[in-house]
Amino acid sequence: MERLRLAVLASGRGSNLQALIDAIAGGQLAAAIVGVFSDKPDAPALERARHAGLPARALRPRDFATRLEYDQALFEQIDQTGADLIVCAGYMRLISQPQVQPRVGRMLNIHPSLLPAFKGLHTHQQALDAGVDVHGASVHFLAPELDGGPVISQARVPALTDDDAATLGRRVLAREHPLLVQTLRLFAAARVALVDGVVHVDGHAMHAPLQLDQDDRLVHAAGAR
Ligand code: GRF
């Protein structure tokens, strides 16, 4: 079977990108990263990509007059890679509608909260401020609205009474990596699709996101199918 071709967008540290690189190298993910793109020329994510021998490129927003022009140039380059799937892994810029719209169903994002709770930035602090017991991360299809598309999978982590945003964030990040890898394994096996705005897994409409269990398997949420 053809390997799934991934383009990855990242603005910073790139630990999720690294998890993908490692999973592919270790034979756990039948995919190939065909390009890594960033809005930040000094992003450690680009360094990680180059270290792994992957094509990596930054486009600087300030070299473009508008967001629309920036995104058009970026996505022209992404399209040239022939990517099947575009994965936003810590990409910290809004992507404009004209680029998202035609690619709905082919673009994913990983977000550090149990969506729809805590969209936007500072999600760990938002979770602590709200006093939740359970926090986590989500992988979702991109939709034009921020952090808004259909959620495919989630990893839950406890929020502890003595947590601050940093300790909670570290615990979430540790689960983001297997969450992203396992979710992309489903795509690599052609088991996921977005049909009329609804996530389908193995041909069945999902009424709740898949959940990452203790053994790093994605399972149906209790009572859901
Ligand atoms: C992760 O928490 C991801 O969920 C969020 O940005 C962070 C990126 O971390 N969108 P890294 O660059 O992958 O280490």
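Side chains are part of it too, since the values below use all heavy atoms of this structure and drop only hydrogens, waters and symmetry mates. Residues take their numbers from the sequence shown, with the count starting at 1. First listed ligand is number 1; within each ligand, the first listed atom is number 1.
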### Message
Below 4.0 Å from ligand 1: does a non-hydrogen atom of Gly14 turn up there or not?
### Response
yes
### Message
Quick test: of every protein heavy atom, which one is nearest to atom 6 (O) of ligand 1, and how far off is it to 0.1 Å?
### Response
Gly90 CA, 3.5 Å
#### Entry: Given His177, Glu176, Arg48, the one that forms side chain to side chain donor-acceptor pair (under 3.5 Å) with Ser15
His177
### Task
Only heavy atoms count here, so choose which of Met92, Arg13, Glu176 is nearest to atom 3 (C) of ligand 1.
Glu176
### Task
Please report which non-hydrogen protein atom sits nearest to atom 11 (P) of ligand 1, along with the residue it belongs to and the distance in Å to one decimal place.
Ser15 N, 3.4 Å
### Task
May I ask you to decide whether Asp202 forms a salt bridge with Arg191, counting only side-chain N to carboxylate O separations under 4.0 Å?
yes
### Query
Would one find more than 12 heavy atoms of other residues, nucleotides or ligands at under 6.0 Å from atom CZ of Arg57?
no
### Task
Report the C-alpha distance between Arg103 and Asp79 in whole Å, list the side-chain angles of each, state the deciding distance to 0.1 Å, and finish with yes or no for side-chain contact (heavy atoms from CB on, under 4.5 Å).
CA-CA 11 Å; Arg103 296 179 179 83; Asp79 287 348; 2.8 Å; yes
### Query
When only distance counts, is Gly12 in polar contact with ligand 1, meaning an N/O pair under 3.5 Å?
no
### Distance-only donor-acceptor check, side chains Thr123 and His111, under 3.5 Å
no
### Heavy atom of the protein closest to atom 10 (N) of ligand 1 (residue, atom name, distance)
Ile110 O, 3.0 Å
